[in-house]
Amino acid sequence: MSDPLVIAEHLRKVYRQGAREVVALRDVSFEAHPGELVAITGRSGSGKTTLLNQIGGLDRPDAGEVTVAGRRITGLPESELLHLRREVVGFVFQSFGLIPVLSAAENVGVPMRLTNTPSAERDKRVEELLTLVGLSAHANQRPYELSGGQRQRVAIARALANRPRLLIADEPTGQLDSQTGRQIMELIRTLVHTEGVTALVTTHDPALITLADRVLELHDGAFRTAQQIPAVQG
Ligand code: ADP
Ligand code: MG
């Protein structure tokens, strides 16, 4: 089997609010391989967003190590984390996060502007990505002229702009109806397999979990394993 793209080892994250401490991650370890779609599930407050933020370099754990694409990211200076977030990881959020005054095509082009991709190459990649997500006919529309599902397709295209090796999607279907949500999850699954990226996707929709290659369930900041799930008493 190929080397894992993501290795999380014994991650711990504690939030402090005054005298109160919330242990958001207790001791979380897992690996994800290239071309794998991993669903992370668990109730609201179980630590899903916290976990994705540690892996994507948006936040730093209190203990433990994260390795992405062979690079240990824990302890990297902010400038190198910025490089990771721009070039190695693509992010998709529940609320889409598109820039309202820009067209779909311009939104998809933003990450390539940040990395100074030449404009001809950028235009070509934007066109390719909009085709990939089925929106080539909507390139010039602004987000408010698109449906929720179409907005999330734009956001997915944007996340893939710089050919990231890792796609991190935090409840990408959270604001969509169930049918549209399923289409978005199917799109992510197709892209994972065609582009060879690794995807970590949080969701609490059981229907979407069936589309994942593997499912990890967080419970109070720790993965729940089969042995820990209490057996139903007969
Ligand atoms: P999920 O994404 O599964 O809903 P989160 O990772 O957002 O869970 O939150 C895990 C726990 O950490 C929750 O108890 C939440 O209230 C707490 N938490 C998350 N972010 C912060 C923060 N910035 N400050 C304090 N507590 C936080
Ligand atoms: Mg969350």
Side-chain angles (χ1 to χ4, degrees), residues 6-32 36-68 73-75 78 81-82 84-85 89-98 148-149 151-152 155-156 158-159 164 166-178 180-182 184-185 188-189 192 198-226 228-230:
V6 175
I7 306 173
E9 296 168 280
H10 305 294
L11 293 182
R12 180 175 175 83
K13 181 74 186 177
V14 181
Y15 292 111
R16 289 175 185 86
Q17 294 173 309
R20 206 172 139 254
E21 286 196 342
V22 176
V23 183
L25 297 177
R26 273 166 216 287
D27 181 8
V28 172
S29 301
F30 76 100
E31 293 180 349
E36 193 178 26
L37 171 56
V38 180
I40 298 169
T41 154
R43 290 186 190 169
S44 179
S46 60
K48 302 182 296 296
T49 297
T50 304
L51 176 59
L52 292 186
N53 289 348
Q54 314 309 308
I55 292 167
L58 294 167
D59 196 2
R60 295 169 189 275
D62 292 298
E65 292 281 354
V66 175
T67 304
V68 177
I73 67 160
T74 327
E78 189 51 37
L81 283 182
L82 187 69
L84 174 92
R85 295 195 298 260
V89 186
F91 294 94
V92 173
F93 301 101
Q94 178 174 352
S95 53
F96 321 128
L98 301 177
R151 286 181 209 182
Q152 197 58 300
I156 290 168
R158 181 186 56 185
L166 175 62
L167 182 69
I168 287 185
D170 194 4
E171 312 234 10
T173 64
Q175 284 189 16
L176 305 174
D177 64 77
S178 58
T180 309
R182 187 168 175 97
I184 289 295
M185 199 71 175
I188 291 173
R189 189 188 151 100
V192 163
T198 304
L200 303 180
V201 183
T202 62
T203 177
H204 36 231
D205 185 337
L208 300 180
I209 289 166
T210 60
L211 292 170
D213 296 313
R214 196 148 54 91
V215 182
L216 298 171
E217 186 184 352
L218 272 173
H219 183 79
D220 278 341
F223 283 133
R224 194 173 232 215
T225 61
Q228 288 167 329
I229 298 172

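Counting starts at 1 for both ligands and their atoms, following the listed order.
- The environment of R43 atom CZ is sparse: at most 12 non-hydrogen atoms of other residues, nucleotides or ligands sit within 6.0 angstrom.
- Annotation: A24 places no N or O atom under 3.5 Å from an N or O atom of ligand 1; distance criterion only.
- Between G42 and ligand 1 there is no heavy-atom distance shorter than 4.0 Å.
- Judged by distance alone, with hydrogens and angles left aside, the side-chain atoms of R85 form a donor-acceptor pair with the main-chain N or O of G57 at under 3.5 Å.
- Protein non-hydrogen atoms do reach within 4.0 Å of atom 27 (C) of ligand 1.
- Of all atoms in ligand 1, listed by their number and element, those nearer than 4.0 Å to a heavy atom of T50 are 5 (P), 6 (O), 9 (O), 10 (C).
- In this structure a side-chain-to-backbone donor-acceptor pair under 3.5 Å is present from S29 to H10.
- Among protein heavy atoms, atom 25 (C) of ligand 1 sits closest to Y15 CB, 3.3 Å.
- At a threshold of 4.0 Å, the pair E31-R214 does not count as salt-bridged, since none of the basic side-chain nitrogens sits closer than that to a carboxylate oxygen.
- Checking T49 against the Mg ion (ligand 2), an N/O/S atom falls under the 2.8 Å cut-off.
- Residue contacts with ligand 1, taken as heavy atom pairs separated by less than 4.0 Å, involve V22 solely via side-chain atoms from C-beta onward.
- The residue from Q17, K13, R20, K48 that puts a heavy atom closest to atom 3 (O) of ligand 1 is K48.
- For atom 18 (N) of ligand 1, the protein comes within 4.0 Å by at least one heavy atom.
- At a threshold of 4.5 Å between non-hydrogen side-chain atoms, the residues R26 and K13 do not count as touching.
- Residue R43 approaches ligand 1 through these ligand atoms, each under 4.0 Å from one of its heavy atoms: 3 (O).
- A pairwise comparison of heavy atoms in I55 and L84 identifies O-CD2, 4.4 Å as the closest pair.
- For T50 (side chain) and A24 (main-chain N/O), no donor-acceptor pair under 3.5 Å exists by modelled atom type.
- In this structure, atom 8 (O) of ligand 1 lies nearest to the protein heavy atom G47 N, 3.2 Å.
- Counting protein heavy atoms only, atom 7 (O) of ligand 1 is closest to T49 CB, 3.8 Å.
- A side-chain donor-acceptor contact under 3.5 Å links Q152 to the backbone of F93.
- A heavy-atom distance below 4.5 Å is found between the side chains of V22 and Q17.
- Given atom 13 (C) of ligand 1, the protein heavy atom at minimum distance is G45 O, 3.7 Å.
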